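Data first, discussion second: the structure below is written as structure tokens.
What you see is a predicted model, and the numbers here were worked out from it, not measured in a lab.
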Amino acid sequence: EVELEESGGGLVQAGGSLRLSCVASGFDFDDYDIGWFRQAPGKEREGISCLVRSNGTTLHADSVKGRFTIATDNAKNTVYLQMTNLQPEDTGVYYCAADFFPDGSCRLPFYDYKLWGLGTQVTVSS
């Protein structure tokens, strides 16, 4: 089975941190480019972070820039989203996604990605 599975979400107070994990099965994750997305209640899915494997380029949406970071562990076929200084507006379902972008571009539009996990809930309380 070719799958992505997110984990690590939960309930955290404002100002706290969480590390989300995305584990790939059935393929070598380090051959694919990564996007992290979230969807808050009543809002569209938002691209927040991406990583291009070939050149190491990352991008972050303004809403999370300076607070969220992507990390990788190729031996575990896993990528992480380290989230700090979480705020209530960060609440939502977080998704990882994978695809291959031969042009080396880091992409945030959700429709550019083909392979998705099912999401993990992050709730930030005030």
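- Cluster partners of L108, using a side-chain heavy-atom cutoff of under 4.5 Å among ILVMFWY residues and allowing indirect links: none.
- Listed by chain and number, the residues in a side chain to side chain contact (heavy atoms under 4.5 Å, CB included) with S54 are V52 (sequence neighbours excluded).
- Under the ring pair (Phe, Tyr, Trp, His ring centres under 6.0 Å) criterion, Y80 pairs with no residue at all, not counting sequence neighbours.
- Note that the CZ atom of F29 and the CG atom of N74 stand 10.0 Å from one another [nearest 0.5 Å].
- With contacts defined as side-chain heavy-atom distances shorter than 4.5 Å, the pair T91/R38 does not qualify.
- In this structure, the separation between SG on C96 and CG on L81 is 10.0 Å, given to the nearest 0.5 Å.
- Scanning for side chain to side chain contact (heavy atoms under 4.5 Å, CB included) contacts around Y32 gives F27, A98, F100, with sequence neighbours left out.
- In this structure, SG on C22 lies 9.5 Å from CG on N77, to the nearest 0.5 angstrom.
- Distance check: F68 CZ to T58 OG1 gives 14.0 Å after rounding to the nearest 0.5 Å.
- The structure places NE2 of H60 at 12.5 Å from CH2 of W36, a figure rounded to the nearest 0.5 Å.
- With S63 contributing its side chain and A61 its backbone, the two residues share no donor-acceptor pair below 3.5 Å.
- When the side-chain hydrogen bond (donor to acceptor under 3.5 Å, both in side chains) test is applied to Y95, no partner is found at least two apart in sequence or on another chain.
- Shown here are the side-chain hydrogen bond (donor to acceptor under 3.5 Å, both in side chains) partners of S7, two or more places apart in sequence or in another chain: there are none.
- Partners of D28 according to the side-chain hydrogen bond (donor to acceptor under 3.5 Å, both in side chains) rule, which considers only residues two or more places apart in sequence or in another chain, do not exist here.
- Residue-environment remark: CD (E44) stays at or below the threshold of 12 foreign heavy atoms within 6.0 Å.
- Interatomic distance, CG of L51 versus CG of D30, reported as 10.5 Å (0.5 Å rounding).
- Scored by the side-chain hydrogen bond (donor to acceptor under 3.5 Å, both in side chains) test, R19 finds no partners at all (sequence neighbours excluded).
- Closest non-hydrogen pair, M83 versus Y94, comes out as SD-CE2, 3.7 Å.
- Counted within 6.0 Å of CD on E46, heavy atoms from surrounding residues, nucleotides or ligands total more than 12; the atom is thus considered enclosed.
- Considering every non-hydrogen atom in both R67 and T84, the closest pair reads O-OG1, 2.8 Å.
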* Full working for side-chain hydrogen bond (donor to acceptor under 3.5 Å, both in side chains) between Q82 and S17 -> CA-CA 8 Å; Q82 180 65 50; S17 300; 4.7 Å; no

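- When all heavy atoms of Q87 and G15 are compared, the pair lying nearest together is NE2-N, 3.9 Å.
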Which pairs of donor and acceptor atoms, one on a side chain in residues 119-126, lie under 3.5 Å apart (sequence neighbours left out)?
| residue | atom | partner | partner atom | Å |
| --- | --- | --- | --- | --- |
| T120 | OG1 | G9 | N | 3.2 |
| Q121 | NE2 | T123 | OG1 | 3.3 |

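- When side chains are defined from C-beta on, V2 counts as touching L115, because their heavy atoms get closer than 4.5 Å.
- Screening D90, V64, I70 against I48 for a side-chain contact (heavy atoms from CB on, under 4.5 Å) leaves a single residue, V64.
- Using a 4.5 Å heavy-atom cutoff, the side chains of T72 and R53 are in contact.
- Under a 3.5 Å cut-off, the side chain of D99 and the backbone N or O of K114 do form a donor-acceptor pair.
- With sequence neighbours excluded, the residues forming a side chain to side chain contact (heavy atoms under 4.5 Å, CB included) with L59 are C50, C106, listed by chain and number.
- Among residues at least two apart or in separate chains, ring-ring contact (aromatic ring centres under 6.0 Å, His included) pairs with a member in residues 101-126 are F37-Y113, F37-W116, F101-Y113.
- Grouped by direct or indirect side-chain proximity (heavy atoms under 4.5 Å, Ile/Leu/Val/Met/Phe/Trp/Tyr only), L118 sits alone.
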